[in-house]
Undergrad: 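Take this structure, written in structure tokens, and hold onto it; I'll ask about it next.
Each chain gets a letter, A, B and so on, in the order its sequence line appears, and its residues count up from 1.
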Number of protein chains: 2
Amino acid sequence: MVSSNAVACCSPIAVRPMDADQAAAVAPMFKALGDPVRLRLMSMIASVAEICVCDLTPAFDLSGPTISHHLKVLREAGLVHSERRGTWVWYRVKPEAFQHLGALLEISAAPTVGGTR
Amino acid sequence: MVSSNAVACCSPIAVRPMDADQAAAVAPMFKALGDPVRLRLMSMIASVAEICVCDLTPAFDLSGPTISHHLKVLREAGLVHSERRGTWVWYRVKPEAFQHLGALLEISAAPTVGGTR
DNA sequence: ACCCTGTTTTGACATCTGTCAACCTAGAGA
DNA sequence: TCTCTAGGTTGACAGATGTCAAAACAGGGT
């Protein structure tokens, strides 16, 4: 997973079309960010070094289990890491995953649109 | 939608948590990229200046209507633009949208994660 | 040992999503 | 006008997803 950094930096989405395997590997990350609740959770987690679930839950009009479910989706997508310390559970972003996604997107703005054909 | 560029450049996901409205506006774009077929379609479109549906469809083991459906999702998410010219329909990425998403993600890798705690 | 609080898991349910077959629409050409 | 081809739309259906209530699990404190 760490070595995927190299892939991200050299074959972004816009330089060469992704094959089915690449797409299948990356899509779940985008999918995880494709829900407004999870996107907000993600940004709350990313905006600090780490954050307790007890600080995340009250920000939403949703039940605890629902928040827990969304956090699990983010976890399983490899976007965040969780760690229990005593009573509370703390969440932190996994920067590699973020970098990976960012690298896929940022380049695609560069090539000229009207140029080729 | 064009002015959202300014938002993206100055308040990325990691600097300040997104509010519910922002998240609701951006999530559909990530959601659109959250399917392997659409992600591949997107990268095929992004890898050239523009591309005909007739060149996209044969790359998948899927029916025409299904490809058409996925293209519609990408279109409605504001990620691509389509234009009919004679018999064929041509697709092109909307770079603003891509830039927007890229800006949200790329910054979050910058702040040190181990630094604060 | 017991209870209390924070978090996750399980089960259930309504809604959304991906897919196809069948049909419809838009242009090009005869 | 008629026909052919490229794409899109509609309807239907299986499977995935978001949500909650209820139960289970993990630690801390009494």
Undergrad: Answer whether the closest heavy-atom distance between the side chains of B:Met44 and B:Tyr91 falls below 4.5 Å.
TA: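 B:Met44 does not reach B:Tyr91 side chain to side chain.
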Undergrad: Identify which nucleotide among C:dT19, C:dT8, D:dT19 has an atom closest to any side-chain atom of A:His69, counting heavy atoms from C-beta outward.
TA: D:dT19
Undergrad: Would one find a side-chain N or O of A:Ser68 under 4.0 angstrom from OP1 or OP2 of C:dT7?
TA: no
Undergrad: Kindly indicate whether the side chain of A:Leu33, heavy atoms from C-beta on, has any atom under 4.5 Å from the side chain of B:Val26.
TA: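 No, too far: nothing below the 4.5 Å cut-off.
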Undergrad: Quick one: on DNA chain D, does A:Pro65 or A:Arg84 contact a more 5' nucleotide (nearest heavy atom)?
TA: A:Pro65
Undergrad: Establish, with yes or no, whether the OP1 or OP2 oxygen of C:dT7 is under 4.0 angstrom from a side-chain nitrogen or oxygen of A:Tyr91.
TA: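 False: A:Tyr91 side-chain N/O out of range (4.0 Å or more) of C:dT7 OP1/OP2.
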Undergrad: Using heavy-atom distances to pick each residue's nearest nucleotide on DNA chain D, tell me which of A:Lys31 and B:Cys52 is more 5'.
TA: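 Per heavy-atom nearest nucleotide, the more 5' residue is B:Cys52.
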Undergrad: Compare the minimum distances between each of C:dG6, C:dT19, D:dT19 and the side chain of A:Leu62, then state the nucleotide with the smallest one.
TA: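 Side chain of A:Leu62 sits closest to D:dT19.
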Undergrad: Quick check on D:dC20: is either OP1 or OP2 less than 4.0 Å from any side-chain nitrogen or oxygen of A:Ser63?
TA: yes
Undergrad: Taking the side chain as everything from C-beta on, heavy atoms only, tell me whether A:Phe60 gets closer than 4.5 Å to A:His70.
TA: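 No. Closest side-chain heavy atoms not under 4.5 Å.
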Undergrad: Are A:Thr87 and C:dT5 close enough that a side-chain N or O sits under 4.0 Å from OP1 or OP2?
TA: no
Undergrad: Would you indicate what B:Gly64 reaches in the nucleic acid, counting non-hydrogen atoms under 4.0 angstrom: base, sugar-phosphate, or nothing?
TA: nothing
Undergrad: So which nucleotide from D:dG8, D:dA22, C:dT19 ends up closest to the side chain of B:Val37?
TA: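 Closest nucleotide among those given: C:dT19.
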Undergrad: What nucleotide among C:dG6, C:dT8, D:dG8 has an atom nearest to a side-chain atom of A:Val89?
TA: C:dT8
Undergrad: Is A:Arg38 near enough to D:dG18 that one of its side-chain N or O atoms lies under 4.0 angstrom from OP1 or OP2?
TA: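 So the side chain of A:Arg38 is within the cut-off, an N or O lying under 4.0 Å from OP1 or OP2 of D:dG18.
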